[in-house]
Protein chains: 2
Amino acid sequence: MCERCNYEKLMEGVGIRATKHRLAVLRILGNAPSPMTAQEVFDALKADRSINRVTVYRILESLVEGGVVDKISTGDRSFRYGLAPNDNHPQHAHFYCRLCGLMTCLPPESFRLPFGIPSPGLPGVVEKYEIRLDGVCHRCRPEKS
Amino acid sequence: MCERCNYEKLMEGVGIRATKHRLAVLRILGNAPSPMTAQEVFDALKADRSINRVTVYRILESLVEGGVVDKISTGDRSFRYGLAPNDNHPQHAHFYCRLCGLMTCLPPESFRLPFGIPSPGLPGVVEKYEIRLDGVCHRCRPEKS
DNA sequence: GAAAAAATGCAAATGAGTTGCATAAAAGGC
DNA sequence: GCCTTTTATGCAACTCATTTGCATTTTTTC
Ligand SMILES: [Mn+2]
Ligand SMILES: [Mn+2]
Ligand SMILES: [Zn+2]
Ligand SMILES: [Zn+2]
């Protein structure tokens, strides 16, 4: 999804050592058109590398912890992971199909929150926010006229 | 949360028979200040009634299916349930504390999406949407100056 | 290069939510 | 009311994404 992102620098900038596996995970997420599940990342990695499922979870956890990757919740019981918003990638909303589980990135212009996180008045300190539209994607529509 | 809601009518209006258990669940959700987990609903019910955990899940499922209750996703791996937006209860965003798991309803005025669900251009038909601010609530703040 | 620290692998556990099937309660027909 | 059919609930077992514990590499530090 981005040629301008130097993933090594991105990771080391937040104090995460750039191992082969971690770099591979971040590249996969960076090239993905939509946020992926841990399983999808795992499968993508297995294609040309031997890696353990647990390691994938731990890497994703680190990247999320470092703020490089976003962990996105859905209507099913798994999470999706994608590049976190940064200078090159503005925050954006997602569409989630409750039938096939596909999660789609929406253009950043639409559905942005009209605020710079006005914490005063809120019940806590906001670290991130999520806007998710749920429904049924066109592929899954029963009848398409 | 609401004295104007006739829960029996609400349920039967969407074709859900109002059994004792179902009514109790809906009342608990209606009186709750924040969306609850299935476990919390179960515990609240157990206080003055014998009921099975699975039944709670099935009742919540029915109420969600009927559109009376909203199933809200979070940063942990469980869901919260609350009254679905209706004439008396406008859609609103939520704040989720990643430390204690508390989910708080935010005033409907703030953080509403500027749209009436403009499906054209979207990857599917939108049925609902979620706005969730994630962070750490004041109670969980490590140092409060 | 040896010791310490960090990353990875493997097996087992966790836990919210689900499924299958038995029983109880409610609804319909007479 | 009484019998039949449908729907709701209970109980036990299961699912499956994620986590945990601990052993084994791999990397870093000295
Ligand atoms: Mn995205
Ligand atoms: Mn709410
Ligand atoms: Zn779909
Ligand atoms: Zn908290």
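Chain letters run A, B, ... following the sequence lines, proteins first and then strands; every chain starts at 1.
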To the nearest Å, give me how far apart CZ (A:Phe79) and C1' (C:dG17) are. 14 Å
In whole Å, what is the span from the CZ atom of A:Arg17 to the P atom of C:dT8? 10 Å
Spell out, as yes or no, whether a donor-acceptor pair under 3.5 Å connects the side chain of B:Tyr96 to the backbone of B:Asp76. yes
Judged by atom type as modelled, is there a donor-acceptor pair below 3.5 Å linking the side chain of B:Arg132 to the main-chain atoms of B:Ser73? yes
Whether the side chain of B:Arg58 and the base of C:dG17 hold a donor-acceptor pair under 3.5 Å is what I'd like checked. no
Once you round it to whole Å, what is the distance between P of D:dT15 and OH of B:Tyr57? 17 Å
Rounding to an integer number of Å, can you tell me how far B:Met11 CE sits from D:dT7 P? 15 Å
Both conditions, 6.0 Å and 45 degrees, for the charged tip of A:Lys71 above the ring of A:Tyr81: are they met here? no
Given atom CD of A:Glu12 and atom P of C:dA6, what is their separation to the nearest angstrom? 16 Å
Return no unless some side-chain N or O of B:His21 is found under 4.0 Å from OP1 or OP2 of D:dT9. yes
Start with the C-alpha gap between A:Arg80 and A:Glu40, add the side-chain angles, then the distance that decides, and say whether salt bridge (Lys or Arg N to Asp or Glu O under 4.0 Å) holds. CA-CA 9 Å; A:Arg80 312 287 139 126; A:Glu40 287 168 344; 5.2 Å; no
Looking for any heavy atom pair under 4.0 Å, which part of the strands does A:Arg53 touch: base, sugar-phosphate only, or nothing? base
Side chain B:Arg77 and base D:dA17 donor-acceptor under 3.5 Å: yes
Judged by nearest nucleotide, the residue sitting upstream toward the 5' end of DNA chain C, B:Lys20 or B:Val54, is B:Val54
Euclidean distance, atom CD1 of residue A:Ile59 to atom P of C:dA7 [Å, nearest integer]: 10 Å
To the nearest Å, give me how far apart CZ (B:Arg80) and C1' (C:dG17) are. 14 Å
Check every atom of C:dA7, C:dG9, D:dT7 against the side chain of A:Thr19 and return the nucleotide holding the closest atom. C:dA7
Verify the neighbour count for atom CD of A:Glu12: are there more than 12 heavy atoms of other residues, nucleotides or ligands below 6.0 Å? yes
Atom CZ of A:Phe42 and atom C1' of D:dC16 are separated, to the nearest Å, by 15 Å
Of the listed nucleotides (D:dG10, C:dG17, D:dT28), which one gets closest to any side-chain atom of B:Asn52? D:dG10
Scan A:Ser50 against the nucleic acid and name what it touches under 4.0 Å (heavy atoms): base, sugar-phosphate only, or nothing. sugar-phosphate
